[in-house]
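Following: one structure in structure tokens, then a few remarks.
These numbers come from the heavy atoms of this one structure, side chains and all, not from hydrogens, waters or symmetry mates.
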Amino acid sequence: MIDRFGDHTANERTFLAWVRTAIAVAGFGILIEKLPSTPNGTWTGIALVALSACTVILASARFLVIRRQIAEERQDRAFFARMEILFSALLALLVLTVFVFLLGLVLPG
């Protein structure tokens with residue numbers, strides 16, 4: 001039996017949720033890039049794909065650190081606070097990117 005199995009599986013489920021989110025964002029970026037006659041489509045699509053890659057990298061780092069902390073039976077709260085700030089900043093960048101794209105559709109020029 002694996003010690004703290006529930007904690008490990010919760011960590012893995014969270015990681016997989018972030019990966020699914022990154023795949024969805026990358027798919028949305030590719031869709032935006034393929035749309036015809038969108039003024040900011042190419043740059044917005046590239047930005048969304050790049051941000052989704054950053055999401056996977058951050059999620060992987062979070063998963064590995066938390067897996068080690070679970071195995072060592074310790075919790076470093078400072079690390080969690082820094083990761084939450086990074087994920088929040090990434091989410092803000094994603095929203096800003098989509099906003100710029102939608103603003104380009106509304107105000108062509």
Side-chain angles (χ1 to χ4, degrees):
M1 181 87 185
I2 298 173
D3 290 335
R4 301 182 69 172
F5 180 74
D7 293 336
H8 284 290
T9 56
N11 186 31
E12 187 172 351
R13 283 190 304 269
T14 304
F15 170 68
L16 293 175
W18 278 109
V19 170
R20 281 191 305 270
T21 301
I23 291 170
V25 168
F28 187 59
I30 291 169
L31 174 72
I32 287 175
E33 187 176 352
K34 297 295 181 184
L35 288 176
S37 69
T38 54
N40 296 329
T42 300
W43 294 109
T44 305
I46 291 170
L48 286 173
V49 171
L51 288 172
S52 70
C54 291
T55 302
V56 170
I57 291 168
L58 283 175
S60 299
R62 179 189 181 277
F63 172 75
L64 293 172
V65 168
I66 292 176
R67 183 177 68 174
R68 185 177 59 234
Q69 288 178 348
I70 292 170
E72 294 173 358
E73 295 185 6
R74 66 177 179 84
Q75 293 180 349
D76 183 11
R77 296 293 179 197
F79 174 78
F80 290 117
R82 286 189 299 258
M83 287 302 290
E84 294 303 320
I85 290 170
L86 283 173
F87 277 117
S88 298
L90 190 62
L91 181 61
L93 281 173
L94 288 169
V95 170
L96 181 66
T97 303
V98 172
F99 177 73
V100 166
F101 170 72
L102 293 175
L103 188 64
L105 288 178
V106 174
L107 302 172

query: How would you list, by chain and number, every residue that makes a side-chain hydrogen bond (donor to acceptor under 3.5 Å, both in side chains) with R4, sequence neighbours excluded?
result: D7
message: Which residues pass the ring-ring contact (aromatic ring centres under 6.0 Å, His included) test with F87, not counting sequence neighbours?
response: W18
query: Roughly how far apart are L93 CG and S88 OG, rounded to 0.5 Å?
result: 11.0 Å
task: Working to the nearest 0.5 Å, report the span between CD of E72 and CZ of R67.
output: 11.5 Å
- prompt: Taking it one step at a time, do L58 and R62 satisfy side-chain contact (heavy atoms from CB on, under 4.5 Å)?
  reply: CA-CA 6 Å; L58 283 175; R62 179 189 181 277; over 6 Å; no
field: Set of residues satisfying ring-ring contact (aromatic ring centres under 6.0 Å, His included) with respect to F15, sequence neighbours excluded
entry: F63
query: Taking side chain as C-beta onward, heavy atoms only, is L48 less than 4.5 Å from V98?
result: yes
- request: Calculate, to the nearest 0.5 Å, the distance between atoms OG1 and CG belonging to T55 and L94 respectively.
  value: 5.5 Å
query: So, for V56 and A22, which heavy atoms are closest and what is the spacing to 0.1 Å?
result: CG2-CB, 3.5 Å
message: Taking the side chain as everything from C-beta on, heavy atoms only, tell me whether E33 gets closer than 4.5 Å to T44.
response: no
field: Same apolar cluster (I L V M F W Y, side chains within < 4.5 Å links), L31/V25
entry: yes
- prompt: So, for I70 and N11, which heavy atoms are closest and what is the spacing to 0.1 Å?
  reply: CD1-CB, 4.2 Å
task: Look up atom CD1 in I30 and atom NZ in K34, then write down how far apart they are to the nearest 0.5 Å.
output: 8.0 Å
message: Are C54 and L90 packed together at the side-chain level, in the sense that at least one heavy-atom pair is separated by less than 4.5 angstrom?
response: yes
statement: Here the pair of heavy atoms bringing H8 nearest to D3 is CD2-O, 3.5 Å
- request: Kindly give the heavy-atom pair with the smallest separation between G45 and I32, and that separation in Å.
  value: N-CG2, 4.2 Å
field: same_hphob_cluster(L91, I57) at 4.5 Å side-chain heavy-atom cutoff
entry: no
